[in-house]
Amino acid sequence: MKKVEAIIKPFKLDEVKEALHEIGVSGITVTEAKGFGRQKGHTELYRGAEYVVDFLPKVKLEVVVPDTLADRVVEAIAAAAQTGRIGDGKIFVFAVESALRIRTGERDNDAI
């Protein structure tokens, strides 16, 4: 099993969710996050004063899938989340040793 984590722009969440649904992903976890990468934020003007916004709003998606589906999940997220502008985000893939569905006691691939 693989865990795919993606940090994306918030307004791309619906498109990514639809792309994952189309390839058969049944569940995702979404967390609101703030952060910055290479762009180090930006400056804004508010009531005549300039200030730095260094933590930009992001969304973190987490999904655990069978090994056979991991590459398709990464491709789907990347295609749906891409705007071509700085700050589109990142995708990370981790190996998952074990999974347990608490309600039924199912393990590993049956649990996801």
Side-chain angles (χ1 to χ4, degrees):
M1 294 175 296
K2 300 285 187 199
K3 178 179 182 183
V4 180
E5 278 188 14
I7 310 296
I8 63 170
K9 291 182 175 184
F11 67 88
K12 286 294 197 171
L13 178 59
D14 285 337
E15 290 176 49
V16 171
K17 183 179 76 168
E18 287 300 317
L20 291 174
H21 182 69
E22 286 176 13
I23 63 169
V25 173
S26 59
I28 62 173
T29 299
V30 178
T31 308
E32 290 184 21
K34 291 185 178 206
F36 64 88
R38 290 184 182 164
Q39 81 269 26
K40 306 275 194 291
H42 63 276
T43 58
E44 287 188 4
L45 198 61
Y46 179 71
R47 293 188 176 181
E50 196 173 274
Y51 65 98
V52 177
V53 177
D54 54 357
F55 288 106
L56 302 172
K58 301 288 181 182
V59 172
K60 180 170 127 176
L61 301 172
E62 298 172 273
V63 59
V64 177
V65 294
D67 290 339
T68 56
L69 196 56
D71 287 339
R72 289 180 56 205
V73 167
V74 169
E75 291 168 11
I77 293 171
Q82 185 177 27
T83 67
R85 296 195 185 103
I86 195 163
D88 274 353
K90 296 256 188 333
I91 300 173
F92 306 99
V93 180
F94 305 92
V96 175
E97 287 185 33
S98 180
L100 171 76
R101 182 176 308 214
I102 296 171
R103 179 178 56 88
T104 62
E106 293 170 297
R107 291 192 170 271
D108 300 329
N109 281 332
D110 293 334
I112 58 173

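Heavy atoms from other residues, nucleotides or ligands lying under 6.0 Å from CZ of Arg101 number more than 12. More than 12 heavy atoms of other residues, nucleotides or ligands shown are found within 6.0 angstrom of NZ on Lys9.
Rounding to the nearest 0.5 Å gives a distance of 5.5 Å between CG of Leu20 and CD1 of Ile23. A distance of 8.5 Å separates OG1 of Thr104 from CG of Asp110, quoted to the nearest 0.5 Å. Distance check, rounded to the nearest 0.5 Å: CD1 of Ile112 to NZ of Lys3 gives 12.5 Å.
When all heavy atoms of Ala81 and Ile8 are compared, the pair lying nearest together is CB-CG2, 3.7 Å. Here the closest non-hydrogen pair linking Val63 and Gly27 is CG2-O, 3.4 Å.
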Going by atom type alone, with no hydrogens or angles, which donor-acceptor pairs under 3.5 Å involve a side-chain atom of residues 69-79 and a protein atom two or more places apart or on another chain?
none

Just distance, no hydrogens or angles: give the donor-acceptor pairs under 3.5 Å from side chains in residues 85-100, sequence neighbours left out.
{"from": "Asp88", "atom 1": "OD1", "to": "Thr83", "atom 2": "N", "distance (Å)": "3.4"}
{"from": "Asp88", "atom 1": "OD1", "to": "Thr83", "atom 2": "OG1", "distance (Å)": "2.4"}
{"from": "Asp88", "atom 1": "OD2", "to": "Thr83", "atom 2": "N", "distance (Å)": "2.8"}
{"from": "Asp88", "atom 1": "OD2", "to": "Thr83", "atom 2": "OG1", "distance (Å)": "3.4"}
{"from": "Asp88", "atom 1": "OD2", "to": "Gly84", "atom 2": "N", "distance (Å)": "2.9"}
{"from": "Ser98", "atom 1": "OG", "to": "Asp108", "atom 2": "OD1", "distance (Å)": "3.3"}

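Under the 4.5 Å side-chain heavy-atom criterion for Ile, Leu, Val, Met, Phe, Trp and Tyr, Val4 and Val64 are members of distinct hydrophobic clusters.
Contact check for Leu61 versus Leu13: side-chain heavy atoms found under the 4.5 Å cut-off.
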